[in-house]
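No hydrogens, no waters, no symmetry mates; every other heavy atom, side chains included, goes into these values. Along the sequence shown, residues are numbered consecutively beginning with 1.
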Amino acid sequence: MAEKFDAVDVIRTKRDKQRLSKDQIDWVIDAYTRGVVGDEQMAALNMAIFLNGMDREEIVQWTQAMIDSGETMSFAGLSRVTSDKHSTGGVGDKITLPLAPLVASFGVAVPQLSGRGLGHTGGTLDKLESIPGWQAEISNERMMEILEDPGCVICAAGAGLAPADKKIYALRDITSTVDCIPLIASSIMSKKIAEGTANLVLDVKVGSGAFMKDIDMARELARTMVDLGTDAGTNTVALLTDMSVPLGRTVGNALEIRESVEVLAGGGPLDVVELTLALAHEMLEMAGVHDADVDAALKDGRAMDTWKKMIRAQGGDPDAALPTAKHTHVVTAERDGYLTEMDALAVGVASWRLGAGRARKQDPVQAGAGIEIHAGLGEKVAKGQKLFTLHTDDEDRFERALESLNPGIAIGDEAPTLRSSVVLDRIS
Ligand code: URA
């Protein structure tokens, strides 16, 4: 059968700053999924979109075409209302781990279909896989059972959801076309709409460790995603949150699990607790649970009980010792003063180089690798005081990690002005 369009014409349309029609978009996404449009052609089209943008209608259509490339799920048969959270990714972003059981402990279902990490931002599944026995891959039937009890599940997204996005995202990753608002918004929202959650809270990260380095760009990304969700019938809000410094005091897989368990035990770093509570509040309000005392559920063990059930439901032992790395290296303060800079990207890349992340999809990650942060931004430090502990199984990784970490850290004479809250704005 003859094809409806020619890929070269579609690429030329966007190259020449024209709008793509609905039919052109439907065809090019479908033809690329079928292998009729080649990688080099889709790469050229992505670059044309990166340079010339898409209007709202084009973005809606691009998103819909990616949804239509695969299956859609439905949680309508569950006895609980669903509320989901998606983060655009950051350094030390372990919030899903305490958040999902916290929200589920109020009777709401939390389906977290997650991915593995690529580049300097960690993947939630990589973190959970450091728990002995825990399995990311489960059947849809099992997922539904766990969503009924204990009410939250964090598992690998099936290959059938928005397969066009999987192919296009892999191509964007190797052609420098990831950080483009229409492409990020359609990529994230096609998966979330196909997943079928009733309510969705987006955590849009802003700062050096995020895709969006400045707040205006982050606001535009958030607005675009909230509109896409709302138009598709998914109740959607977004929080813009700071990612100029790492979240919490640990970066790395098992290290972040340890810190999440501290939060579930009623402790943990203030910024992690603040963001967990803010997102939980949004997710619960959207699901119709008003004025929930989320803080109390962290302090009195309800969220911890749900966490343990969730981990056991996927074969994990929540009480088992977590893996540790073979080698450590301590970084100390070179002088007295205030910690005036701790760049999220520098810390994220250093952790990745220690083995916590992967450079290629097929690479393994080290469960114990990563960085412990002993002093926070703005803290007064004395010469020789411990600032970081680096962890890895391969001693020869320390040098490259330090090449990333050191330029991102500064000690000055004046205390810096600190943000008043990790949450910078809210878009609904
Ligand atoms: N996460 C996604 O799923 N897609 C993007 O384009 C960026 C982040």
Side-chain angles (χ1 to χ4, degrees), residues 1-74 86 88 157-173 175 177-198 200 202 204 211 217 220-236 238 427:
M1 200 184 76
E3 293 292 331
K4 208 167 166 185
F5 292 96
D6 185 333
V8 176
D9 294 333
V10 178
I11 298 165
R12 187 185 307 115
T13 305
K14 195 35 83 184
R15 184 201 68 186
D16 292 348
K17 302 189 170 62
Q18 307 295 312
R19 294 192 64 250
L20 295 173
S21 69
K22 172 182 179 315
D23 285 350
Q24 280 178 313
I25 291 174
D26 287 348
W27 176 80
V28 81
I29 300 269
D30 177 54
Y32 180 58
T33 312
R34 285 186 286 124
V36 169
V37 167
D39 281 346
E40 63 289 353
Q41 293 175 311
M42 185 51 91
L45 181 58
N46 281 336
M47 186 56 84
I49 292 169
F50 183 96
L51 296 172
N52 297 327
M54 289 201 285
D55 70 17
R56 180 163 173 181
E57 257 176 73
E58 288 175 293
I59 299 173
V60 168
Q61 202 49 50
W62 190 269
T63 308
Q64 190 58 49
M66 293 208 291
I67 296 169
D68 294 342
S69 72
E71 66 193 27
T72 50
M73 290 172 53
S74 169
H86 182 84
T88 56
L161 281 185
D165 174 66
K166 288 206 176 60
K167 242 182 128 179
I168 294 174
Y169 190 68
L171 196 59
R172 286 167 55 211
D173 201 44
T175 56
T177 48
V178 169
D179 43 350
C180 163
I181 290 174
L183 294 178
I184 297 177
S186 54
S187 166
I188 291 175
M189 293 308 292
S190 63
K191 286 173 286 203
K192 289 290 139 185
I193 296 167
E195 171 198 300
T197 182
L200 174 65
L202 297 163
V204 179
F211 286 123
M217 297 271 285
E220 190 185 330
L221 175 63
R223 177 85 270 149
T224 308
M225 291 197 288
V226 168
D227 288 347
L228 279 171
T230 309
D231 289 354
T234 308
N235 209 2
T236 311
I427 310 277

(message) Quick one, Val10 with Gln41, criterion side chain to side chain contact (heavy atoms under 4.5 Å, CB included). Give me CA distance, side-chain angles, the key distance, then yes/no.
(response) CA-CA 10 Å; Val10 178; Gln41 293 175 311; over 6 Å; no
(request) For Asp6 and Val8, indicate whether the former's side chain and the latter's backbone hold a donor-acceptor pair under 3.5 Å. (result) yes
(request) Please confirm whether the backbone N or O of Glu58 pairs with a side-chain atom of Gln61, one donor and one acceptor, at under 3.5 Å? (result) no
(request) To the nearest 0.5 Å, tell me how far Arg56 CZ sits from Leu228 CG. (result) 7.5 Å
(request) Please say whether more than 12 non-hydrogen atoms of neighbouring residues, nucleotides or ligands are located less than 6.0 Å from CE in Met217. (result) no
(request) May I ask you to decide if Arg15's main-chain N or O and Asn52's side chain share a donor-acceptor pair within less than 3.5 Å? (result) yes
(request) Calculate, to the nearest 0.5 Å, the distance between atoms CD1 and CZ belonging to Ile11 and Phe5 respectively. (result) 14.0 Å
(message) If you compare all heavy atoms of Asp165 against all heavy atoms of Lys191, which two are closest, and at what distance to 0.1 Å?
(response) OD2-NZ, 3.0 Å
(message) Run the side chain to side chain donor-acceptor pair (under 3.5 Å) test against Thr33 and tell me which residues pass, sequence neighbours left out.
(response) none
(request) Identify the heavy atoms of Trp27 and Ala7 that sit nearest to each other, and give their distance. (result) CH2-N, 3.6 Å
(request) Enter the distance from Gln64:CD to Ile25:CD1 here, rounded to the nearest 0.5 Å. (result) 11.5 Å
(message) Suppose we screen for side chain to side chain donor-acceptor pair (under 3.5 Å). Which residues come up paired with Arg34, at least two apart in sequence or across chains?
(response) Glu3, Asp30
(request) For the pair Gln18 (side chain) and Asp16 (backbone), establish whether a donor and an acceptor sit closer than 3.5 Å, ignoring hydrogens and angles. (result) yes
(request) Could you pull out the closest heavy-atom pair between Phe211 and Thr88, with the gap in Å? (result) CE1-O, 3.5 Å
(message) Rounded at 0.5 Å granularity, tell me how far OG in Ser69 sits from CD1 in Ile29.
(response) 7.5 Å
(message) So, applying side-chain contact (heavy atoms from CB on, under 4.5 Å) with Leu221, which one of Ile427, Val204, Val226 is it?
(response) Val204
(request) Might you point out which heavy atoms bring Thr63 and Met189 nearest each other, and give the distance in Å? (result) CG2-C, 4.1 Å
(request) Please name the pair of heavy atoms, one in Leu20 and one in Lys14, separated by the smallest distance, quoted to 0.1 Å. (result) CG-CE, 3.9 Å
(message) Rounded to the nearest 0.5 Å, what separates atom CZ in Phe50 from atom CG in Leu45?
(response) 14.0 Å
(message) To the closest 0.5 Å, what do you measure between CG (Asp173) and CD1 (Ile168)?
(response) 13.5 Å
(request) Identify the heavy atoms of Ser190 and Ile67 that sit nearest to each other, and give their distance. (result) O-CG1, 3.6 Å
(message) Please determine whether a side-chain nitrogen of the Lys or Arg among Glu195 and Lys192 lies less than 4.0 Å from a carboxylate oxygen of the Asp or Glu.
(response) yes
(message) Testing the 3.5 Å rule here: is there a donor-acceptor pair between the side chains of Thr175 and Thr177?
(response) yes
